[in-house]
Protein chains: 2
Amino acid sequence: MKDPSELPHPSRADLKLTQVLFALSDPARLAIVRHLAAGPQEMANCCAIDPNMPKSTKSHLMKVLREAGVIRNEAKGRNRLLSLRQDDIDARFPGLLQSVLAAE
Amino acid sequence: MKDPSELPHPSRADLKLTQVLFALSDPARLAIVRHLAAGPQEMANCCAIDPNMPKSTKSHLMKVLREAGVIRNEAKGRNRLLSLRQDDIDARFPGLLQSVLAAE
DNA sequence: TTCATGGTTCGAATATAGTTGAACCATCGA
DNA sequence: TCGATGGTTCAACTATATTCGAACCATGAA
């Protein structure tokens with residue numbers, strides 16, 4: 001019984017460095033990644049970043065991060081649980097996330 | 001006596017993480033960075049990568065990398081000497097370049 | 001079951017980035 | 001000093017990304 005509301009996520013082996021770098025190269029997306037570094041958050045809470053942002057735009061940001069393999073986006077009741085795929089990124093690109101998160 | 005053929009380079013303090021990540025997020029640009037990691041190279045030699053690429057396109061790639069502060073592009077006689085700004089990037093974003101270059 | 005909620009998807013518009021020929025510029029060799 | 005060489009800049013075009021309203025879809029609460 002597969003949940004049809006599950007979104008596609010690339011497998012660890014399919015992560016592409018340039019795609020990950022691109023996903024991180026936008027200030028809004030990088031801010032989300034920084035937020036998630038502290039632990040998984042529900043989308044509704046996490047994006048206190050800019051409450052004025054239309055939800056379709058928010059959803060798009062998450063899509064870019066998800067398709068790059070940077071975050072996981074899972075259904076959780078009526079909400080979405082967002083989490084950083086730290087293990088996967090660390091496994092494929094050791095030190096990358098750490099240095100990005102440490103920067104300034 | 002300032003050389004008018006000197007191109008503008010951002011200072012170390014002006015490097016922006018997202019801009020650096022963006023510059024590295026393109027396969028062709030990343031390939032150039034990898035080449036330069038071995039040491040400075042003249043543009044004519046370095047870009048054996050794709051000899052068919054028009055020079056205006058090559059020049060544009062270099063511009064994006066230069067303006068992000070990733071590479072230095074200096075006049076050297078009739079040619080251009082390209083070099084990775086490893087010291088500056090390391091100083092501002094420790095470990096970043098290393099992890100990017102180490103990836104696969 | 002019905003409604004409100006939180007989020008995705010679609011489609012169209014806008015903005016940004018990449019590609020390229022042509023014009024130009026400085027340098028070195030003849 | 002003239003021409004060839006290596007490269008930048010400009011302008012126009014194409015392609016890709018972003019933005020956002022509207023339609024839609026599950027879920028949980030009433």
Side-chain angles (χ1 to χ4, degrees), chain A residues 1-9 16 18-32 35-36 40-68 70-83, chain B residues 1-9 16 18-33 36 40-68 70-83:
Chain A
M1 216 180 281
K2 190 155 180 332
D3 187 343
S5 73
E6 263 180 37
L7 298 171
H9 290 74
K16 287 178 190 61
T18 51
Q19 198 179 355
V20 169
L21 292 174
F22 180 80
L24 298 174
S25 74
D26 174 72
R29 291 192 299 254
L30 184 55
I32 292 166
H35 272 235
L36 293 181
Q41 296 190 27
E42 292 188 7
M43 188 162 164
N45 308 332
C46 166
C47 284
I49 300 172
D50 183 359
N52 301 340
M53 180 180 286
K55 54 187 184 171
S56 55
T57 305
K58 250 184 277 190
S59 187
H60 178 70
L61 288 183
M62 299 308 172
K63 184 182 187 185
V64 173
L65 288 168
R66 173 176 53 82
E67 289 180 341
V70 175
I71 68 171
R72 210 175 286 281
N73 181 346
E74 300 165 298
K76 186 192 179 187
R78 210 166 6 184
N79 301 10
R80 289 277 159 183
L81 185 65
L82 304 175
S83 54
Chain B
M1 211 171 293
K2 190 156 180 333
D3 187 343
S5 72
E6 262 179 39
L7 298 171
H9 291 74
K16 287 177 190 62
T18 50
Q19 199 179 356
V20 169
L21 292 173
F22 180 80
L24 298 174
S25 74
D26 175 72
R29 291 191 300 253
L30 184 55
I32 291 165
V33 169
L36 293 180
Q41 296 191 27
E42 292 188 7
M43 188 162 165
N45 307 332
C46 165
C47 285
I49 301 173
D50 183 359
N52 301 338
M53 179 179 287
K55 53 186 184 172
S56 54
T57 305
K58 251 185 276 191
S59 187
H60 178 68
L61 289 182
M62 299 309 172
K63 185 182 186 184
V64 173
L65 288 168
R66 173 176 53 81
E67 289 180 341
V70 175
I71 69 171
R72 211 175 284 282
N73 181 345
E74 301 164 299
K76 186 192 180 188
R78 209 166 6 182
N79 301 9
R80 290 276 159 182
L81 185 65
L82 304 175
S83 53

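Every chain is numbered from 1, with letters handed out A, B, ... down the list of sequences. The figures here come from the full heavy-atom set of this structure, side chains too, leaving out hydrogens, waters and symmetry mates. This is a predicted model, so every value here is computed, not measured.
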Starting at [atom1] of [X] and ending at [atom2] of [N], how long is that distance when rounded to a whole Å?
{"X": "A:Arg80", "N": "C:dT5", "atom1": "CZ", "atom2": "P", "value": "19 Å"}
{"X": "B:Arg78", "N": "D:dG7", "atom1": "CZ", "atom2": "C1'", "value": "12 Å"}
{"X": "A:His60", "N": "C:dA15", "atom1": "NE2", "atom2": "C1'", "value": "12 Å"}
{"X": "B:Glu67", "N": "C:dT16", "atom1": "CD", "atom2": "P", "value": "15 Å"}
{"X": "B:Asp26", "N": "D:dA15", "atom1": "CG", "atom2": "C1'", "value": "13 Å"}
{"X": "A:Lys63", "N": "C:dG6", "atom1": "NZ", "atom2": "P", "value": "22 Å"}
{"X": "A:Arg72", "N": "C:dG7", "atom1": "CZ", "atom2": "P", "value": "18 Å"}
{"X": "A:Leu7", "N": "D:dC25", "atom1": "CG", "atom2": "P", "value": "15 Å"}

Of the listed nucleotides [options], the one nearest the side chain of [X]:
{"X": "A:Pro54", "options": "D:dT8, D:dT19, D:dG21", "answer": "D:dG21"}
{"X": "B:Asn79", "options": "D:dG6, C:dA4, D:dA23", "answer": "D:dG6"}
{"X": "A:Phe22", "options": "C:dT8, D:dT18, D:dG7", "answer": "D:dT18"}
{"X": "A:Lys55", "options": "C:dG6, C:dG18, D:dG21", "answer": "C:dG6"}
{"X": "B:Arg29", "options": "D:dT8, C:dG7, C:dG18", "answer": "C:dG18"}
{"X": "A:Leu61", "options": "C:dA26, C:dG6, D:dT19", "answer": "D:dT19"}

Under 3.5 Å donor-acceptor pair, A:Ser56 side-chain atoms to D:dG21 base atoms: yes
Heavy-atom side-chain contact between B:Pro8 and B:Glu67 under 4.5 Å: no
Any A:Asn73 side-chain heavy atom under 4.5 Å of A:His9 side chain: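 Side chain of A:Asn73 against side chain of A:His9, heavy atoms only: contact under 4.5 Å found.
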Backbone N/O of B:Phe22 and side chain of B:Ser25: donor-acceptor pair under 3.5 Å: yes
A:Glu74 side-chain N/O to A:Ser83 backbone N/O, donor-acceptor pair under 3.5 Å: no
Contact under 4.0 Å: A:Asn45 side-chain N or O vs C:dG6 OP1/OP2: no
Under 4.0 angstrom between A:Ser59 side-chain N/O and C:dG7 OP1 or OP2: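 Answer no for this pair, as no side-chain N or O of A:Ser59 is under 4.0 Å from OP1 or OP2.
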Heavy-atom pair of closest approach, residues A:Thr18 and B:Leu24: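 The answer is CG2-O, 4.1 Å.
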